[in-house]
Amino acid sequence: MSPDQTTRPVTKAVIPAAGLGTRFLPATKATPKEMLPVVDKPAIQYVVEESTRAGLDDILIITGRNKAALEDHFDHHWELEQALEAKGDLHRLERVRESAALKVHFVRQGQPKGLGHAVHVAKEHVGDNPFAVLLGDDLIDARDHLLEEMLRVRDEKGGSVVALLEVPPESVHLYGCAAVDGRDGDVVRITGLVEKPDPSEAPSNLAVIGRYVLDPSVFEVLEHTPPGRGGEIQLTDALQTLASSTEPGGGVHGVIFRGRRYDTGDRLDYLKAVVRLGVDHGELGKDFGEWLDDFSAQRASSQR
């Protein structure tokens, strides 16, 4: 890798979306979990819009079997657009065209071999450029600028950058967990990563969440990363290697996120995400919030 490759600006984003969504069955039997609506947009559209807001408008979605609905969503639907235009429903027409205007590419993962494998599938599209990875289960509120901050840290320090979240110690077994030092505000240097550790062995309560800015050197590391936890190629294992590397592109930093995050990968958290984004919705929020207050009051009264 030439030195200039470590300083290239980030313009590409990769969104892995090949999972089966088994936690949401039977809803995901024929519908990709990424297409489940969060208020009035599918979850994956929030993630794509986050990427474009941060200036990353070259987006690759990694898909798998039975994911054609994703490609259809980010394509033009001429019959629908013509029908809305004929009715004069310009508001809905504009909203339908929003998703089709985004620059999105697709490639299939082929075999479900883990997040590390899914990221490696993007190698041909990404080339020798740094790139962001955004997991579709994690939605970051549009009012918070986590990805922009991660891009700034990458520009300043090079290497790779991951998003971290402080979680209760008893919850670290649900995440990849980071060992850190050299803290500067909410930016830390990562010295080690462990995938879903036992709480008694976790190096900290800093969990890795679904935002990464990766140096292209990660591809070579992934090629030599054996299957890890669950028999899958873990991105966490590759980042562990990069964290201790002194080669160009090596080193990993973390940005501790303290903003609004919505987890749509779990049924209960998905419901919470719909409510939290619903009460802030520009058109529906006021009426929905008032109804929610009334419903909560009535429910509390009936349980006395």
Problem set entry | Side chains of Glu232 and Lys113 in contact at under 4.5 Å (non-hydrogen atoms) | no
Exercise. Is a salt bridge present between Arg211 and Glu50, judged by a nitrogen-to-oxygen distance below 4.0 Å?
Worked result: yes
Exercise. Centroid-to-centroid, Phe295 to Phe288, below 6.0 Å?
Worked result: no
Exercise. Is the NZ or CZ atom of Lys196 both under 6.0 Å from the centre of the six-membered ring of Tyr175 and within 45° of that ring's axis?
Worked result: no
Exercise. Is it true that Glu149 and Arg152 have a side-chain N and a carboxylate O under 4.0 angstrom from each other?
Worked result: yes
Problem set entry | Pair Gln109-His117, side chain to side chain donor-acceptor pair (under 3.5 Å): steps then yes or no | CA-CA 8 Å; Gln109 184 177 0; His117 178 261; 3.0 Å; yes
Exercise. If you measure from CZ on Arg299 to OG on Ser301, what distance do you get to the nearest 0.5 Å?
Worked result: 12.5 Å
Exercise. Going by the angle between their ring planes, with limits at 30° and 60°, are His120 and Phe219 parallel, tilted or perpendicular?
Worked result: perpendicular
Exercise. In the single-linkage hydrophobic clustering (I, L, V, M, F, W, Y; side-chain heavy atoms under 4.5 Å), do Ile61 and Leu139 co-cluster?
Worked result: yes
For this session: Count the heavy atoms of every other residue, nucleotide or ligand shown that sit under 6.0 Å from CZ of Arg95, and state whether that count exceeds 12.
Result: yes
Exercise. Do His105 and Glu71 get their side chains close enough for a donor-acceptor pair, meaning under 3.5 Å?
Worked result: no
Exercise. Any chance the side chains of His76 and Glu81 put a donor and an acceptor closer than 3.5 Å?
Worked result: yes
For this session: Could you give me the CA-CA distance, side-chain angles and deciding distance for Asp263 and Tyr270, then say whether side chain to side chain donor-acceptor pair (under 3.5 Å) is met?
Result: CA-CA 6 Å; Asp263 182 357; Tyr270 170 81; over 6 Å; no
Exercise. Would you call Asp144-Arg261 a salt bridge at under 4.0 Å N-O?
Worked result: no
Problem set entry | Charged N-O contact under 4.0 Å between Arg189 and Asp184 | no
Exercise. When clusters are formed by joining ILVMFWY residues with side-chain heavy atoms under 4.5 Å apart, either directly or through shared neighbours, do Leu115 and Val218 land in the same one?
Worked result: yes
Exercise. Taking the side chain from Asp58 and the backbone from Thr11, do they hold a donor-acceptor pair closer than 3.5 Å?
Worked result: no
Exercise. Just by distance, do the side chain of Lys33 and the backbone of Asp137 share a donor-acceptor pair under 3.5 Å?
Worked result: no
